[in-house]
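Worksheet: one structure, shown below.
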Amino acid sequence: MKRISQINQISTLNLPYDISTALTIHLESCFEHKSEAEHFWAEYGTFLILIEETDCPEWIGKMDKKNDYWLDSVINFPEYALLLGTTQPYLLALSIIDDAGAGAYVLIPLSHNSPCVATLINHLNNANT
């Protein structure tokens, strides 16, 4: 599990190129310029937690109590969940964590053997009905 607090750190994550690109585009899409997105993340404490394929499902959220709270919030009460990519898809979910609009994102491979995936797929399906 990895946690990043800057959009430019996406390139440090071990993600397929199409996922990394789609993620960056999505995270910057609400802003006119990339620098505005980076400033917002820094000023308001927005972050992303990546659950990696090698992360053991039984240990997700138990390795780090700080992340455990946010994982629970994002997985169970997301503002939205969406699918990124087609060849090796990932699920992206967001919870707004304060009145200024800061967010906690979770990114997890669709193929991950975790109850988190089923929960997020349920949110994704409910949003599309």
Side-chain angles (χ1 to χ4, degrees):
M1 185 179 331
K2 293 183 180 165
R3 179 176 168 149
I4 63 168
S5 57
Q6 298 173 16
I7 292 177
N8 64 5
Q9 292 175 319
I10 291 170
S11 63
T12 67
L13 302 175
N14 186 23
L15 294 171
Y17 178 77
D18 67 320
I19 300 301
S20 178
T21 302
L23 178 61
T24 301
I25 290 169
H26 178 75
L27 296 177
E28 294 174 354
S29 67
C30 296
F31 302 91
E32 247 183 81
H33 302 285
K34 179 180 181 173
S35 61
E36 292 174 359
E38 292 169 351
H39 177 74
F40 183 87
W41 273 51
E43 185 172 343
Y44 295 103
T46 296
F47 60 91
L48 179 139
I49 299 170
L50 170 64
I51 298 172
E52 299 174 288
E53 192 67 54
T54 56
D55 290 334
C56 178
E58 293 81 25
W59 287 99
I60 292 175
K62 293 175 177 51
M63 294 184 284
D64 179 345
K65 292 298 178 191
K66 184 177 181 181
N67 287 336
D68 186 32
Y69 172 81
W70 295 118
L71 283 170
D72 183 59
S73 176
V74 177
I75 300 298
N76 293 302
F77 309 104
E79 295 292 322
Y80 67 82
L82 60 91
L83 202 56
L84 296 176
T86 55
T87 307
Q88 297 175 320
Y90 278 65
L91 287 161
L92 177 67
L94 165 72
S95 276
I96 303 299
I97 59 175
D98 69 20
D99 291 339
Y105 289 92
V106 170
L107 182 66
I108 185 170
L110 186 61
S111 60
H112 197 276
N113 186 22
S114 165
C116 301
V117 171
T119 303
L120 287 175
I121 288 173
N122 189 39
H123 288 296
L124 183 66
N125 290 337
N126 288 339
N128 293 329
T129 56

- prompt: So, the side chain of N125 versus the backbone of N122: is there a donor-acceptor pair under 3.5 Å, distance only?
  reply: no

message: Between S95 and S73 (side chain of the first, backbone of the second, donor and acceptor by atom type, cut-off under 3.5 Å), is there such a pair?
response: yes

query: So, for D55 and E52, which heavy atoms are closest and what is the spacing to 0.1 Å?
result: OD2-N, 2.8 Å

- request: For L92 and L48, work out which heavy atoms get closest and say how close.
  value: CD1-CD1, 4.2 Å

message: Starting from L23, can I reach I75 by hopping between I/L/V/M/F/W/Y residues whose side chains sit under 4.5 Å apart?
response: no

task: Spell out, yes or no, whether L50 and I108 are grouped together once hydrophobic residues are joined by side-chain heavy atoms under 4.5 Å, including indirect joins.
output: no

Distance-minimising heavy-atom pair for G85 and I19: CA-CD1, 3.7 Å

- prompt: W70 and L107: same hydrophobic cluster, using ILVMFWY side-chain contacts below 4.5 Å?
  reply: no

field: Centroid separation F47 to Y105 less than 6.0 Å
entry: no

task: Look at the side chain of T12 and the backbone N and O of Q9, then say whether any donor-acceptor pair between them is shorter than 3.5 Å.
output: yes

- prompt: So, S111 and Q88: side-chain donor and acceptor under 3.5 Å apart, yes or no?
  reply: no

message: Let me confirm one number: the CG-CE distance from L71 to M1, rounded to the nearest 0.5 Å.
response: 5.0 Å

query: Of all heavy-atom pairs between A102 and Y44, which one has the smallest distance, and what is that distance?
result: CB-O, 3.1 Å

query: Do you reckon L120 sits in the same ILVMFWY cluster as I49, going by side-chain contacts under 4.5 Å, direct or chained?
result: yes

message: Side chains of Y90 and L110, heavy atoms from C-beta outward: is any pair under 4.5 Å?
response: no

Min side-chain heavy-atom separation V106-L91 under 4.5 Å: no

- prompt: Shortest non-hydrogen contact from I10 to S20?
  reply: CG2-OG, 3.5 Å

message: Looking at E32, is its backbone amide N or carbonyl O close enough to the side chain of E36 to form a donor-acceptor pair, meaning the two atoms are under 3.5 Å apart?
response: yes

- prompt: If two hydrophobic side chains count as joined below 4.5 Å and joins carry through other members, does V74 share a cluster with I51?
  reply: yes

task: Could you list the residues that satisfy ring-ring contact (aromatic ring centres under 6.0 Å, His included) with F77, not counting sequence neighbours?
output: none

- prompt: Does H26 have any ring-ring contact (aromatic ring centres under 6.0 Å, His included) partners at least two apart in sequence or in another chain, and if so, which?
  reply: Y80

